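The chain is numbered in sequence order, starting from 1. Small disclaimer: the values here were computed from a predicted structure and weren't measured.
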Amino acid sequence: MLEELQRLQAHISALKSRLSQFESENNALEDDKLNSNQQFKIQLDLKNNTITQKQTECDQLAEQLENTQSKLKQINDDATALADRYNRLEKSCTDLKNRFQEILAERNELRILKEKFQNDQRHAQHEIQALQSERERLLQKNDLAKAKVETIIQRLSILGTAQDSYTQEIQQLAHPSENNEEV
């Protein structure tokens, strides 16, 4: 019997722990439910605000539509008046068309002259650039030739002084008695 009592106490303690676990889960679920309800209310408020804004926008668009329709009617009236004017102006337009065609012909001639002058200018610029590059090349060639001549002059001067010292040494070797007298 003692064993059964101990088993029952073990079951009871297990049930108590499960019960406390379920209670904590239930509390967590209730907190989640409260949070979800609050978020739902916030979203509902946002949706309601959006609906009100959209309704306001619809009202404004309806007003704009009415204004635009009245403007369209006025524009149609103006278009009719302009069409009448256009018909009157079209009758006097033939002289202007002829003059315009003459101006176009003159413009085309001027364009041809302009293109010719531009081509001539481009060719002249190319020639100038070619001459400038030729000039630069010749200047570089001239500078190079000057440098070569200077190098040759320096070598000759070095050779001249070296030959002079060699000549003196040869003379000293050829006439050793004269060197002894000078000493």
Side-chain angles (χ1 to χ4, degrees), residues 25-164:
E25 287 178 7
N26 188 26
N27 289 336
L29 289 173
E30 285 179 0
D31 290 342
D32 288 345
K33 180 183 173 186
L34 286 174
N35 288 336
S36 296
N37 285 338
Q38 288 175 351
Q39 289 177 354
F40 176 73
K41 286 179 183 178
I42 291 171
Q43 289 178 352
L44 186 62
D45 291 339
L46 287 174
K47 297 291 181 183
N48 287 335
N49 288 337
T50 306
I51 289 171
T52 351
Q53 288 175 352
K54 294 298 177 184
Q55 286 174 346
T56 307
E57 288 177 14
C58 285
D59 295 339
Q60 289 173 351
L61 289 174
E63 288 177 23
Q64 287 178 358
L65 178 63
E66 289 175 14
N67 291 337
T68 307
Q69 286 175 344
S70 65
K71 287 179 183 178
L72 178 64
K73 186 178 183 270
Q74 185 177 358
I75 287 172
N76 284 335
D77 294 341
D78 291 344
T80 307
L82 287 174
D84 293 338
R85 276 189 195 172
Y86 176 76
N87 289 332
R88 284 179 277 164
L89 289 173
E90 194 173 42
K91 292 175 184 175
S92 64
C93 179
T94 52
D95 291 338
L96 291 174
K97 284 182 182 177
N98 293 335
R99 178 66 184 136
F100 183 69
Q101 287 177 352
E102 291 172 6
I103 290 172
L104 284 178
E106 289 177 17
R107 184 194 69 182
N108 289 338
E109 290 173 9
L110 289 174
R111 277 188 181 170
I112 291 170
L113 283 174
K114 176 186 157 192
E115 289 175 4
K116 180 184 174 201
F117 288 144
Q118 285 177 341
N119 284 335
D120 291 345
Q121 183 182 12
R122 272 190 239 119
H123 289 300
Q125 286 176 348
H126 287 300
E127 287 178 16
I128 289 170
Q129 288 176 351
L131 290 172
Q132 286 176 344
S133 63
E134 179 69 18
R135 178 178 175 251
E136 290 294 324
R137 188 183 63 78
L138 290 174
L139 286 174
Q140 289 175 353
K141 198 173 182 181
N142 190 20
D143 290 341
L144 184 64
K146 281 182 184 178
K148 285 182 179 179
V149 168
E150 288 175 1
T151 306
I152 290 172
I153 290 172
Q154 287 177 355
R155 286 182 183 168
L156 287 174
S157 68
I158 291 171
L159 275 173
T161 56
Q163 284 181 350
D164 288 344

Practice task
Output, in order, the C-alpha distance, side-chain angles, deciding distance and verdict of side-chain contact (heavy atoms from CB on, under 4.5 Å) for T56 and Q60.
Solution key: CA-CA 6 Å; T56 307; Q60 289 173 351; 4.0 Å; yes

Problem - Side chain proximity check, K114 to L110, heavy atoms < 4.5 angstrom - result: no

Problem - Q64 vs L61 side-chain heavy atoms within contact, under 4.5 Å - result: yes

Problem - Side-chain heavy-atom pair E109, I112 within 4.5 angstrom cut-off - result: no

Handout entry: More than 12 heavy atoms from other groups under 6.0 Å of CZ on R85
Key = no

Exercise for the section: Count the heavy atoms belonging to other residues, nucleotides or ligands that lie under 6.0 Å from CZ of R135, then report whether that count exceeds 12. Expected result: no

Completion exercise
Here the gap from L65 atom CG to S70 atom OG, rounded to the nearest 0.5 Å, amounts to 9.5 Å

Handout entry: Q74 atom CD: more than 12 heavy-atom contacts under 6.0 Å
Key = no

Exercise for the section: Report the C-alpha distance between K146 and N142 in whole Å, list the side-chain angles of each, state the deciding distance to 0.1 Å, and finish with yes or no for side-chain contact (heavy atoms from CB on, under 4.5 Å). Expected result: CA-CA 6 Å; K146 281 182 184 178; N142 190 20; 4.0 Å; yes

Fill in the blank from the handout: Between the CD atom in Q53 and the CG atom in L46, the distance rounded to the nearest 0.5 Å is 9.5 Å

Problem - Gap separating the CG atom of L139 from the CG atom of L144, nearest 0.5 angstrom - result: 12.5 Å

Problem - Nearest-0.5 Å distance that lies between atom NE2 in H126 and atom CD in Q121 - result: 10.5 Å

Handout entry: Atom pair CG (D143) and CG (L138), whose distance is rounded to the nearest 0.5 Å
Key = 11.0 Å

Practice task
Apply side-chain contact (heavy atoms from CB on, under 4.5 Å) to the pair N87 and K91, showing each step before the final yes or no.
Solution key: CA-CA 7 Å; N87 289 332; K91 292 175 184 175; 5.7 Å; no

Completion exercise
Rounded to the nearest 0.5 Å, the CD atom of E136 sits from the CD atom of E134 at a distance of 11.0 Å

Problem - Side chain proximity check, R155 to T151, heavy atoms < 4.5 angstrom - result: yes

Exercise for the section: Could you tell me whether K33 and E30 make a salt bridge, using a distance below 4.0 angstrom between a side-chain N and a carboxylate O? Expected result: no

